[in-house]
Amino acid sequence: MASHGHTIDIFSEPRRFDRAGPGALIAALIGVAALAAGFVMKPGGADLRQFMNSYLLAYLFVLSISLGCLFFVLIQHVVAAGWSVVVRRLAEQIAGAMPLLALLVIPIVVFRTELYPWLNPTDEMKHLVEHKRPYLNDTFFIIRIAAYFAVWTLLSRGFLSASLRQDASGDAAITTRLRTLAAPSLILYGVTVSFAAVDFMKALSPMWFSTIFGVYWFAGCVLSGVGFLALVAMWVQGRGQLTRAITKEHYHDLGKLMFAFVVFWTYIAFSQYMLIWYANIPEETRWYLVRQSGDWWKVSLVLLLGHFCIPFVLFISRHPKRSKATLFVFAVWVLLMHWLDLFYLTRPPEAPEPLLAGSAGGIPLHLLDALCIIGVGGLFWAWVASALARHSLVPERDPWLKESLAFENY
Amino acid sequence: MSASTVTKKSAATAGPATAPHSLVAEFASADALVRACEQVRNAGYTRWDAHSPYPVHGIDRAIGIRATRLPVLIFLCGATGTTIGILLQWWTNAVNAGVEFPWVPTFLQGYNFIISGKPYWSFPANIPVIFELTILLSAFGAFFGMLALNGLPQHYNPLLRVDRFRRVTDDRFFISIAMDDPKYGSATRRLLEGAGAAAVEVADDVKESAPPRWFLRAHVILACFLLIPLAVIAYMRVDKQTQPRIHIVQDMDNQERYTAGKQMANPVFADGRSARPKVAGTLAREDFTQDPHYFQGRIGDQWAVGIPMYHPELQKLAGGAAEVNEQLMRRGRDRYAIFCSHCHGLDGAGVGRVATYTTEREIGFVPPKSYVDPDVLVRPVGHLFNTITNGIRTMAPHGDQIPVADRWAIVAYVKALQRAQTATLEDVPTDERSRMTQPK
């Protein structure tokens with residue numbers, strides 16, 4: 001509409017890196033080096049189990065981000081969102097790293113006995129694990145992991161390549177078709193993410209029960225995915241691309257999504273906690289007992305304050321979401337908190353007894369945690385950065401693009 | 001505004017008297033509307049508005065609408081919800097108002113229920129209610145606040161009297177400027193025409209007049225109808241029913257059960273008794289206590305004859321005093337009214353509501369003896385305490401319902417009832433006696 005002066009023509013906007021900078025290659029090299037160093041040297045007297053614990057944590061962190069962006073892409077299509085088109089390609093490319101993540105899951109499958117107690121149950125566990133055998137058995141585990149990555153790769157690559165095809169053809173029918181496909185895709189997504197949460201994290205405590213666990217991880221995925229997306233958008237703009245196309249209106253909406261998922265995560269986390277606390281059944285409370293004993297209660301407390309209270313109070317108003325500087329802080333913060341959340345989900349010991357006896361030592365942070373996140377994160381960034389450099393940074397012939405460029409919050 | 005500029009629409013037809021209300025300008029496109037709005041805004045008008053079939057991007061700024069205050073209102077409502085949620089649960093469950101705030105009337109006191117073995121005040125359990133109330137009041141704030149700030153609901157708008165204005169829901173765009181705008185003058189029409197209006201017209205408003213008779217009558221009749229439910233309720237409250245009330249929600253209220261009173265046989269147990277004796281080799285929790293006087297009303301194998309005022313719980317009820325005092329008596333009277341009076345009557349004569357009700361209907365209930373029955377008069381306090389705790393003959397135990405200290409307060413009060421009803425003239429202080437013997 002002629003009345004707003006800020007509508008721009010996308011074809012006059014820098015929207016493509018000329019070439020992949022050296023950053024991608026450097027990230028890849030650092031990533032490989034860090035992982036290799038960690039695996040071979042095992043610093044600090046670590047064993048393979050410690051390495052795998054750290055690897056799992058770093059891996060899940062990156063996987064969450066990618067899955068969060070995949071959800072972002074799907075949900076934008078299913079609701080036929082106009083506002084998000086200028087950032088959708090970035091999300092598509094972040095989700096598009098799924099083949100790499102499928103590759104990186106292999107160590108977890110190979111060394112699964114180091115991680116998952118149900119593969120070698122202790123005497124205490126045996127009885128219960130026996131009952132869970134129909135689900136928790138080796139063959140089915142591997143089939144499931146393969147199935148997850150098949151689904152996620154198909155979805156993320158499928159939506160990405162359809163979008164790229166539209167760049168070339170400008171065919172509006174692609175948008176309509178993707179909208180139709182997005183609905184069943186979301187169902188597949190929901191089911192696979194729930195079960196993956198059980199397999200990757202809940203199976204670390206095979207004695208435990210929680211039916212909401214999948215949703216809990218999903219909340220963290222979307223939160224970190226959108227946070228990362230906002231950071232990538234800032235990075236892209238910092239390198240002179242899409243400088244006028246992505247406006248504070250789009251950042252505002254990304255901020256709203258982050259805020260919504262901060263609250264949603266809390267809602268789910270509390271729902272899980274309250275029911276278990278209320279029913280007070282030993283096989284359910286042990287999981288929380290562990291996280292409340294020893295030094296772990298401090299982690300729980302930091303999570304409560306940092307993952308909910310602080311961002312809730314600081315970012316409830318619209319202003320910090322509309323300023324790039326504060327939104328940057330918000331995005332970095334939620335990523336940190338999501339990492340801590342995964343740490344809290346995966347790292348505590350299975351049984352509370354040593355903690356209660358005070359013989360468990362402090363919080364088991366390890367040098368390998370840093371090495372692994374540098375390693376997996378470096379490889380992930382190398383993939384994303386080089387993928388971004390290969391194509392236009394925006395779905396430039398999407399029929400909703402004009403609406404997205406003119407988007408304003410009221 | 002000179003009368004000549006007023007174009008009377010349907011002047012010929014004898015409708016209600018009208019007066020010019022505002023100036024309406026029609027525009028053909030949203031762009032034209034936005035541009036015109038900017039001009040009207042810049043001219044300094046304040047009492048005007050733009051109308052369009054759909055939300056127009058950028059119109060807020062063109063009109064110069066300030067950011068809404070709604071978020072602040074919603075926040076305040078939400079915070080109120082949070083506060084109510086916290087206070088409500090704290091007062092109804094976490095506070096033992098009867099002891100801590102004895103001046104609060106009983107019907108305003110809470111319950112102190114133990115739920116699921118959690119402490120009276122346990123935050124995780126309280127969060128859902130706090131959360132829901134926060135959301136509820138925020139939503140009310142948002143919904144009703146939006147209505148109020150927009151001046152809705154509005155059943156009538158004079159603009160709708162302009163025929164061409166109807167296309168505002170279809171394909172035309174309008175600006176209306178009220179004639180009581182301080183800036184309003186002869187230049188207004190020129191401004192609108194200059195801003196590209198396709199047509200400018202005056203909207204008339206009906207002069208205020210009394211509502212028609214039928215309208216008032218209808219309301220009076222409606223109000224009378226609304227009184228019917230109230231009247232029914234009032235009637236039901238005083239009416240005596242011979243039939244039991246309709247029991248809609250059964251809630252397992254009427255079901256087969258074994259009652260101790262009827263001493264029914266129960267095939268589930270080998271000995272056929274439905275009332276189970278204590279399991280051999282077990283001890284009730286109170287058997288463990290070192291204080292049989294306080295917990296059982298016994299000293300050795302004798303019934304205690306004194307109230308154990310040395311016990312801190314009991315002293316708490318007496319406001320810290322170590323003897324039976326008025327505060328303790330009041331507590332006793334209060335608890336007695338709640339737990340005993342419906343059977344024993346407020347005076348302890350044995351004619352409470354339950355007794356009258358059952359006697360009237362000839363339901364087999366043996367009314368309790370009067371407290372001044374010679375048998376009961378001689379009971380030591382320990383025995384009375386035991387009667388409350390464990391029941392006696394056909395009276396059921398009340399120990400589960402009444403905390404120990406409260407039971408003692410009741411005992412003290414029952415003793416006072418007995419004393420009052422067996423009093424003689426000698427018990428009245430000498431200087432007061434003359435007042436009682438003097439004829440009126």
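Every chain is numbered from 1, with letters handed out A, B, ... down the list of sequences.
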Spell out the residues in residues 118-138 of chain B that have some non-hydrogen atom less than 4.5 Å away from a non-hydrogen atom of chain A, in order of number; otherwise answer 'none'.
->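 At a heavy-atom separation under 4.5 Å, chain A is reached by B:Lys118, B:Ser122, B:Pro124, B:Ala125, B:Ile127, B:Pro128, B:Phe131.
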Give a yes or no on this: more than 12 heavy atoms of other residues, nucleotides or ligands lie within 6.0 Å of atom [atom1] of [X].
| X | atom1 | answer |
| --- | --- | --- |
| A:Phe270 | CZ | yes |
| B:Phe75 | CZ | no |
| A:Lys248 | NZ | no |
| B:Phe113 | CZ | no |
| B:Arg276 | CZ | yes |
| B:Lys183 | NZ | no |

Beyond-backbone contact of A:Glu403 with B:His57, side-chain heavy atoms, under 4.5 angstrom |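 Of all side-chain heavy-atom pairs linking B:His57 with A:Glu403, none is under 4.5 Å.
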